[in-house]
Amino acid sequence: MTNKLGLQNGKMAGRILARADNLYKKEVVKNVLDMYADEIQKALLNGERVLISGVGTIIPEVKTHIGNYNMPVCNKSNINGSPPPYTKIRMTRTHTLTEKMNQTLLKNIDNGILGLKKLPFDVQQINILKNSGYIPDTLNENKEK
């Protein structure tokens, strides 16, 4: 089962603490990560792009609704009946990260792991991969690790 909460600052600080090249206490690392997250949030609220080295860029976007379809429920219409503007976030990965993730995924498939370690394929994806020949029909769908 996947972790719905994701990697939080406390967990990330614990991982950094366990590294051989770490020189700092967990509290110090967590405080720095908290400050980093605050600065990312402030930058996004100001409409700035945020580049995370080795990962990619977070890009805030301002949208206005055109037409009558796909309007988010949280955006209620004003007096004239036209919905207000809203924001979205777009994420682009670096080429290096994309390549590493794709290589890891293909290596996992070769080793019988259906997906990334904590992000398994769903049943529909498994069926598509079986039909396309990427994974054999006899592979056990429950084998994730």
Side-chain angles (χ1 to χ4, degrees), residues 1-77 83-145:
M1 179 169 222
T2 59
N3 185 356
K4 299 290 183 188
L5 294 177
L7 184 59
Q8 300 164 337
N9 288 351
K11 290 180 184 178
M12 195 177 306
R15 287 185 179 186
I16 292 171
L17 184 67
R19 290 175 52 139
D21 60 346
N22 178 45
L23 304 173
Y24 305 101
K25 294 181 181 179
K26 183 176 180 179
E27 297 80 27
V28 173
V29 173
K30 186 178 180 311
N31 288 339
V32 169
L33 291 173
D34 287 339
M35 289 186 288
Y36 184 69
D38 288 342
E39 291 303 316
I40 289 174
Q41 184 180 33
K42 287 178 189 175
L44 292 172
L45 289 172
N46 288 326
E48 298 175 66
R49 291 173 174 236
V50 176
L51 172 64
I52 302 173
S53 299
V55 175
T57 305
I58 302 171
I59 306 161
E61 297 178 341
V62 176
K63 300 287 186 180
T64 55
H65 181 67
I66 300 172
N68 296 324
Y69 305 104
N70 299 327
M71 190 62 208
V73 176
C74 61
N75 291 332
K76 297 180 181 176
S77 299
Y86 60 100
T87 60
K88 290 182 94 176
I89 296 273
R90 187 166 37 106
M91 174 78 188
T92 60
R93 294 182 291 176
T94 62
H95 180 70
T96 305
L97 180 62
T98 302
E99 289 296 317
K100 284 181 180 179
M101 289 180 75
N102 290 341
Q103 288 172 358
T104 301
L105 182 61
L106 293 175
K107 184 177 164 185
N108 284 352
I109 291 172
D110 289 342
N111 293 332
I113 300 169
L114 302 180
L116 296 175
K117 186 175 181 180
K118 294 188 178 184
L119 183 64
F121 291 128
D122 62 25
V123 174
Q124 183 179 11
Q125 291 170 327
I126 291 171
N127 291 333
I128 291 169
L129 292 172
K130 282 182 178 179
N131 291 337
S132 63
Y134 275 101
I135 58 176
D137 290 334
T138 57
L139 192 63
N140 184 1
E141 294 179 10
N142 295 328
K143 186 178 180 182
E144 294 177 4
K145 295 181 181 178

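The basis for the numbers below is simple: all heavy atoms, side chains too, and nothing from hydrogens, waters or symmetry mates.
Here CD1 of I135 is found 11.5 Å from CG of D110. Values are rounded to the nearest 0.5 Å. Here the straight-line distance linking atom CG of L33 with atom CD of Q8 works out to 12.0 Å at 0.5 Å rounding. Atoms CG and CD1, from L23 and I16 in turn, are 12.0 Å apart once rounded to the nearest 0.5 Å. Rounded to the nearest 0.5 Å, atoms CG (L17) and CD (E27) are 8.5 Å apart. How far CG of D122 is from CD of Q125: 4.0 Å, rounded to the nearest 0.5 Å. Interatomic distance, CG of D137 versus CG of N131, reported as 7.5 Å (0.5 Å rounding).
For the pairing with R93, the side-chain contact (heavy atoms from CB on, under 4.5 Å) check across K100, E99, M101 returns one residue only, M101.
A donor-acceptor contact shorter than 3.5 Å links the side chain of N108 to the backbone of G115.
Looking at every heavy atom in both residues, I109 comes nearest to Y134 through CG2-O, 3.7 Å. L44 approaches P60 most closely through the heavy-atom pair CD2-CD, 3.8 Å. Taking all atoms of both residues into account, the shortest heavy-atom contact from G54 to T94 is O-OG1, 3.5 Å. Between F121 and I126, the shortest heavy-atom contact is CB-CG1, 3.7 Å.
Between E39 and K42 there is a salt bridge, with a side-chain nitrogen of the basic residue lying less than 4.0 Å from a carboxylate oxygen of the acidic one.
Heavy-atom contacts from other residues, nucleotides or ligands closer than 6.0 Å to CD of Q124 number 12 or fewer.
In this structure, the side-chain contact (heavy atoms from CB on, under 4.5 Å) partners of A43, at least two apart in sequence or on a different chain, are E48, V50.
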### Query
Do K117 and T104 pass the side-chain contact (heavy atoms from CB on, under 4.5 Å) test, and can you show the C-alpha distance, the side-chain angles, and the key distance before you say yes or no?
CA-CA 9 Å; K117 186 175 181 180; T104 301; over 6 Å; no

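Between I52 and I58, the closest side-chain pair of non-hydrogen atoms falls below 4.5 Å.
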